[in-house]
There are 2 protein chains.
Amino acid sequence: MDSDANRRRADAPRDDGSGPLAAMLCFDLYAASRSVTSVYRTLLDPLGLTYPQYLVMAVLWRHEESTVRAIVDELRLDYNTVSPLLKRLEANGLLARRRRADDERSVAVTLTEEGRALRERTLHIPDAIGEAMGIDGETVAGLHGVLRTIADSATAYAARASAGTARTAH
Amino acid sequence: MDSDANRRRADAPRDDGSGPLAAMLCFDLYAASRSVTSVYRTLLDPLGLTYPQYLVMAVLWRHEESTVRAIVDELRLDYNTVSPLLKRLEANGLLARRRRADDERSVAVTLTEEGRALRERTLHIPDAIGEAMGIDGETVAGLHGVLRTIADSATAYAARASAGTARTAH
DNA sequence: CTCGACTATCTCGCGTGCGATGTAATCGGG
DNA sequence: CCCGATTACATCGCACGCGAGATAGTCGAG
């Protein structure tokens with residue numbers, strides 16, 4: 001009876017039929033993210049870096065010195081992910097960690113000479129990524145805003161849901 | 001002598017400045033994908049499913065019976081990811097695996113009664129996801145195409161790069 | 001029929017992501 | 001000054017994601 005139910009209104013923000021569409025979009029997001037990471041893998045493998053490791057190095061190449069917390073915030077990751085990641089980068093001789101004097105809880109992260117030098121070998125990567133994605137600059141700019149919106153809304157929703165689960169925050 | 005060589009034609013799809021922009025977009029993609037997955041986590045946790053497991057179940061809810069290969073193709077994942085995932089779903093009593101009679105290499109995957117029944121408890125999820133993403137239906141539709149383009153281009157690029165690395169496939 | 005190529009699947013190892021939990025340092029109210 | 005809350009960081013455990021490699025089963029040329 002609803003065989004022609006795929007007829008949808010353009011003015012409705014999100015309602016009846018938009019759920020399945022949004023779900024498909026989530027899968028697209030998931031698949032696109034993995035495929036882009038795989039491009040990074042082909043580019044970063046010769047340097048002995050993974051994509052998240054590259055992101056951490058990029059933070060340090062911008063700031064020269066940082067803390068674990070600053071990196072966590074900038075990459076929107078968690079301590080449980082970043083902590084071992086920094087440990088591996090330190091083991092590879094790319095950075096150093098030491099407790100801060102002014103706040104013994106905090107850990108300062110700095111580049112080693114080797115870590116600083118690695119930057120030069122990554123300078124071609126952004127352009128290669130641009131080429132690999134196969135979309136024009138205008139589309140890129142438009143996409144940026146939408147993806148930020150999605151990330152912010154979804155993060156807020158998840159945080160709300162978790163707070164609800166964590167029995168009645170008094 | 002080529003100091004102003006960074007001057008390019010505007011009709012070139014992607015060139016000089018678009019690299020860094022594209023790289024930022026990749027991070028947006030990465031962050032958005034993780035945030036969306038975290039929404040799924042809050043919705044799927046009560047059902048004892050992860051997002052990839054939910055995707056597999058969704059395939060079976062559509063097809064009733066499938067093979068490992070078909071699932072791998074449909075989700076754009078690899079055997080090494082799907083194989084243990086199916087094993088866990090089987091251990092949880094949601095599906096069954098058995099070798100095919102007509103082709104002993106192939107493994108048929110079917111739903112158990114419990115797996116079929118689980119579907120009802122997921123019917124609210126697509127709409128919840130739509131709500132969580134906070135974007136209108138028109139944007140969703142537009143995004144779908146762009147994300148497919150990115151995924152396809154990136155996958156092709158990565159495959160090309162890997163083929164190049166795998167010294168001269170004769 | 002035979003043998004090598006191909007196919008479908010599985011296992012292993014490593015690096016994330018992230019929930020849960022632990023620990024030490026700092027802060028703030030009484 | 002003291003103690004409970006908060007902060008910064010770490011470890012543990014589990015489930016991906018994927019490269020590398022192993023194992024059967026099937027197919028096609030000769």
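Every chain is numbered from 1 and lettered A, B, ... according to where its sequence line falls, protein lines coming before strand lines. Every value quoted in this text rests on a predicted model; they were computed, and no experiment measured them.
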So [Y] and [X], do their side chains get closer than 4.5 Å, heavy atoms only?
{"X": "A:Val107", "Y": "A:Leu86", "value": "no"}
{"X": "B:Leu111", "Y": "B:Leu118", "value": "no"}
{"X": "B:Gln53", "Y": "B:Leu44", "value": "no"}
{"X": "A:Val72", "Y": "A:Thr67", "value": "no"}
{"X": "B:Leu94", "Y": "B:Leu49", "value": "yes"}
{"X": "B:Val36", "Y": "A:Ile150", "value": "yes"}
{"X": "B:Asn92", "Y": "B:Glu114", "value": "no"}
{"X": "A:Leu55", "Y": "A:Glu74", "value": "no"}

Identify, residue by residue, the members of residues 70-92 of chain B with a heavy atom below 4.0 Å from DNA chain C, and return them in order of residue number, or none.
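Heavy-atom contacts with DNA chain C come from B:Tyr79, B:Asn80, B:Ser83, B:Lys87.
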Non-neighbouring partners of A:Asp73 that pass side chain to side chain contact (heavy atoms under 4.5 Å, CB included), sequence neighbours left out:
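Partners of A:Asp73 by the side chain to side chain contact (heavy atoms under 4.5 Å, CB included) criterion, ordered by chain and then number, come out as A:Arg69.
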Contact boundaries of DNA chain D with chain A (under 4.0 Å, heavy atoms), 5' to 3'?
D:dT7 to D:dG19
Of the non-hydrogen atoms in A:Lys87 and A:Arg97, which two are nearest, and what is the gap between them?
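In terms of heavy atoms, the two residues are closest at CG-NH2, 3.5 Å.
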Minimum heavy-atom distance A:Ile129-B:Cys26, with the two atoms named:
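Shortest heavy-atom contact: CG2-SG, 3.4 Å.
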Taking for A:Thr50 and for A:Arg105 the nucleotide of DNA chain C with the nearest heavy atom, the one nearer the 5' end belongs to A:Thr50
When the nearest nucleotide of DNA chain D is assigned to A:Val68 and to B:Pro52 on a heavy-atom basis, which residue is associated with the more 5' position?
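Looking at DNA chain D, the more 5' nearest nucleotide goes with A:Val68.
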Taken to the nearest 0.5 Å, the spacing of B:Met57 CE from B:Ile71 CD1 works out to 10.0 Å
Taking 5' to 3' order, which nucleotide of DNA chain C is first and which is last to have an atom within less than 4.0 Å of a heavy atom in chain B?
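Using the under 4.0 Å cut-off, the span is C:dT7 to C:dG19.
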With sequence neighbours left out, which residue pairs that include part of residues 54-99 of chain B fulfil the ring pair (Phe, Tyr, Trp, His ring centres under 6.0 Å) condition?
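Checked against ring pair (Phe, Tyr, Trp, His ring centres under 6.0 Å) - neighbours excluded - the pairs reaching residues 54-99 of chain B are B:Tyr40-B:Tyr54.
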Residues of residues 97-104 of chain A with any non-hydrogen atom less than 4.0 angstrom from an atom of DNA chain D: list those, numerically ordered, please.
A:Arg97, A:Arg99
